[in-house]
Amino acid sequence: MFRKILIANRGEIALRIIRACRELDIRTVAVHSDVDQDSLHVRFSDEHICIGPAPSSESYLNIPRILAAAEITGADAVHPGYGFLAENPEFAEICERSGLVFIGPTPEQIRRMGDKAEARRTMIAAGVPVVPGSEGPTDDVAAGLAEARRIGFPVMIKAAAGGGGKGMRAAADEEEFSQSFAVARNEAKTNFGNGTLYLEKLIDRPRHVEIQLLGDRHGNVVHLGERDCSIQRRHQKLIEEAPGPSVTPELREAMGEAAVRGAQAIGYHGAGTVEYLLTPDGEFYFMEMNTRIQVEHPVTELVTSTDLVKEQIRVAAGEKLEIREPPRLQGHAIECRINAEDPDHDFRPSPGTIATFHAPGGPGIRVDTHIYAGYVVPRYYDSLLAKLIVSAATREEARVRAYHALEEFILEGVQSTIPFLRKVLAHPDFVSGDVDTGFVERYLARS
Ligand code: MV4
């Protein structure tokens, strides 16, 4: 097992990793920017090193400085958390070349799943259902239009280098196609420096359902069931839950087995997530694979009684998976993301000083957070303040528990998503589990 892990991240996930390391008896090194000097990940780690000024590009994204911190402190592994360098294949490669274990899959696996057209091809070859569409990238408008006619309108035009909804355009018909194609290409070139596009049939009113995977370095891969993450706004998830309200045991097995096949086809190891679109009539299609631990991992932890971060560290150290069969899911878990954003003003960021803070408690309540009274929320990073994760025997009990727990938060000094989350939890369509990726947009359009 590792002696010392450097955590190349900040905020709640850095604390989450520190806690896992303590239980595994591994020392921790926190890295931080100037403005994070008084952060809890700095205080709770065994050692800490300042790696630069506030902008991420000069601190949490600065590879040479992070490597220097690892060298100085004698760390033997690096945990990237989520965001920042977590899915940067060059970072993973440089870690390994510097003799540091990157806690995650191989650089090649990250690269392959990062190219969405390539990931799609890989999944087709592994027998994973993908959205009907093109087999490879589409070179120009003429070829694209011919391809779109074959697929049938409406179609979705996606950037190979994209993901998470960036560089994606729908085209309802032939007239719309050439313009959407041009816009998508420009967006892809500007945002990713790569204008490669591919096409899919547009899926109407899909749910976002993803499968959690764990793989070890000995070829074992297991799935831990699904999360429904349909409650999103502009591709930012707001509420996630497990199990998915529309997922039967048979569907879970089919989605899980397909995800395991896809991962095994590339010899995947580490924690990973296969994202699917689930249609209203129960068809599922591969969308993307995330090669990191995700923000919403706790809902899976609560319904499977596993510690995903500890497992992730164990398999990175070469240990074999202890779980070989998909665990039986127990009860229901719901996560609400509390962001420093103002829901009354288009969710604009609301950084500032936390004047007062009290977190809810009681049976089935977990709060993963790095904030405290007096903490200053910097404007430089993402706006996640806390995750409320509730568990209960049934979905309805978990929903009610989450609703009341949100009311117990005392959070003064910044605006937050708490009032909005409560409205969603009380919405009749959420109550009945009738959610899809258009839920939030429709709700906001009506209110
Ligand atoms: C789609 C789709 C409908 N049809 N692909 C958005 C994020 C990126 N991972 C893929 N996304 C979508 N791809 C086809 N062929 C609808 C979405 C989509 C979506 C997916 C998951 C969660 C929220 C979403 C919100 C809008 C659109």
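Each ligand, and each atom within it, is numbered from 1 in the order the structure gives. Just so you know, these numbers come straight off a predicted model, no measurement behind them. Both backbone and side-chain heavy atoms feed into the values below; hydrogens, waters and symmetry mates do not.
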Is the distance from the ring center of Y375 to that of H370 below 6.0 Å?
yes

Contacts of R217 that satisfy side chain to side chain donor-acceptor pair (under 3.5 Å) - sequence neighbours left out
none

Can we say R337 and E240 salt-bridge, meaning some charged N sits less than 4.0 Å from an Asp/Glu carboxylate O?
yes

Distance flag, aromatic centroids of Y443 and F420, threshold under 6.0 Å:
yes

Identify, chain by chain and in numerical order, each protein residue with a heavy atom under 4.0 Å from an atom of ligand 1.
V131, M156, K158, G164, G165, M168, E200, K201, L202, I203, H208, Q232, H235, E275, L277, M287, E288, T437

Looking at every non-hydrogen atom in both residues, tell me the closest pair between A398 and A392 and how far apart they are.
N-CB, 3.5 Å

Do the ring centers of Y60 and Y381 come within less than 6.0 Å of each other?
yes

